[in-house]
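Only one structure is covered here, and it is reproduced in the block below.
Index from 1, following the sequence. These numbers were taken from a predicted model, which means no experiment stands behind them.
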Amino acid sequence: MRRVLPFLALLAFLPPSLRAQSSSGFAVVELFTSQGCSSCPPADEVLSAIDTAARRSGRAVIPLSFHVDYWNYIGWRDTFSDGRFSQRQREYAFSLAERSVYTPQAVINGRTHIVGSRRQDLERKIQEALEREPTHSIQLRVQRSGDMLTVSHRLEGSPRNIEVHLALVERGLIENIRRGENRRRRLRYDNVVRNWRPGLGATGETMIPLRDVRAANASVVALAQHRRRRHIVGASRFDLE
């Protein structure tokens, strides 16, 4: 059975066979990381552990691993890196009044940030986020035909200054790093953003390819985010299997 974390009721939009879980709050943890950063593997492990714990407990926590591209110059190109992820991190630096970006950085609900390897402090910020009442919800419907997903979303709550982002994420990825600061290391990554569709409207239908992504380890995530303040005000996750 697919597991759905809507963080507000989605029953009207999902097939009856799916069970929806509700929570008074949610925590989206965006980890900005890189295969070329020697300080990042401990944070990648923390993100994986947080995801495992949240899935077992049913807590409304969505970890996302964004691999930036500005470490690629040191001799190893991060296989998951994307310049758009680096730009997203820079936008957070501006909204959080930070002068620079760094890895590993964890941003929680777009409101606060912390070094991603500091699990105890990160758990505290996650709990604070879970205690905040959400102002919006996103209804998701995901249909699969072969290697293509059709993702329909609908934002509940005022759409003013709010945009929706969709991400296809994958767990259990293993990379053998051959050069750079992590050379000769075999690293595991979870919740890696493999496909990113930002800046969508309040409702829509989006086609997302599944190529090179294992459906059994994949989820579709929807984020509702304030365009200027960058606060995430609603989130949903749909596990493909």
task = Nearest 0.5 Å please: distance from the CD atom of Glu91 over to the CG atom of Leu96.
result = 11.5 Å

query = So which residues get pulled into Trp76's cluster when ILVMFWY side chains under 4.5 Å apart are joined, directly or through others?
reply = Phe80, Leu173, Ile177, Leu187, Tyr189, Val192

What residues form a salt bridge (Lys or Arg N to Asp or Glu O under 4.0 Å) with [X], not counting sequence neighbours?
X	answer
Asp69	none
Arg214	Glu170
Arg111	none
Glu98	none

query = With sequence neighbours left out, what residues match Phe32 under ring-ring contact (aromatic ring centres under 6.0 Å, His included)?
reply =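 For Phe32 the ring-ring contact (aromatic ring centres under 6.0 Å, His included) partners, ignoring immediate neighbours, are Phe66.
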
ask   = Going by an N to O cut-off under 4.0 Å, is there a salt bridge joining Arg124 and Glu128?
value =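 Salt bridge present between Arg124 and Glu128.
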
Smallest separation among heavy atoms of [X] and [Y], with atom names:
X	Y	value
Pro41	Arg185	CG-NH1, 3.6 Å
Gly234	Phe26	N-CZ, 3.4 Å
Ser236	Leu140	CB-CD1, 3.8 Å

inquiry  = When you measure from the side chain of His136 to the backbone of Ser158, do you find a donor-acceptor pair of N or O atoms at a distance under 3.5 Å?
reply    =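 Indeed, once roles are kept as given, a pair shorter than 3.5 Å links the two residues.
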
ask   = Is a donor on one side and an acceptor on the other found under 3.5 Å between the side chain of Arg197 and the backbone of Met207?
value =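 Side chain of Arg197 to backbone of Met207: a pair is present.
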
inquiry  = For a quick check under 3.5 Å, do Gln89 and Gln105 share a side-chain donor-acceptor pair by atom type?
reply    = yes

ask   = Do we see a donor-acceptor contact under 3.5 Å between the side chains of Gln127 and Glu123?
value = no

Neighbour count >12 (heavy atoms, 6.0 Å) for atom CZ, Arg119 =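 Above 12, so yes.
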
ask   = Would one find more than 12 heavy atoms of other residues, nucleotides or ligands at under 6.0 Å from atom CD of Glu131?
value =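 Counting other residues, nucleotides and ligands, CD of Glu131 exceeds 12 neighbours.
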
Is any side-chain heavy atom of [X] closer than 4.5 Å to a side-chain heavy atom of [Y]?
X	Y	value
Glu241	Arg144	yes
Asn161	Arg228	no
Ile108	Leu122	yes

Suppose we screen for side-chain contact (heavy atoms from CB on, under 4.5 Å). Which residues come up paired with [X], at least two apart in sequence or across chains?
X	value
Asp51	Arg55, Pro63, Arg171, Asn191, Arg237
Arg227	Glu163
Pro198	Arg84, His165, Trp196
Ser117	Pro42, Ala43, Val115

task = Just do the side chain to side chain contact (heavy atoms under 4.5 Å, CB included) check on Phe238 and His153 with the steps written out, would you?
result = CA-CA 11 Å; Phe238 186 102; His153 73 271; over 6 Å; no

key: Counterpart residues, side-chain hydrogen bond (donor to acceptor under 3.5 Å, both in side chains), relative to Asp190 (two or more places apart)   = Ser48, Arg188

message = Exactly one of Val193, Leu149, Val151 should register a side chain to side chain contact (heavy atoms under 4.5 Å, CB included) with Leu168. Which one does?
response = Leu149

remark   = Applied to residues 25-47, the salt bridge (Lys or Arg N to Asp or Glu O under 4.0 Å) test, sequence neighbours excluded, yields Glu30-Arg88

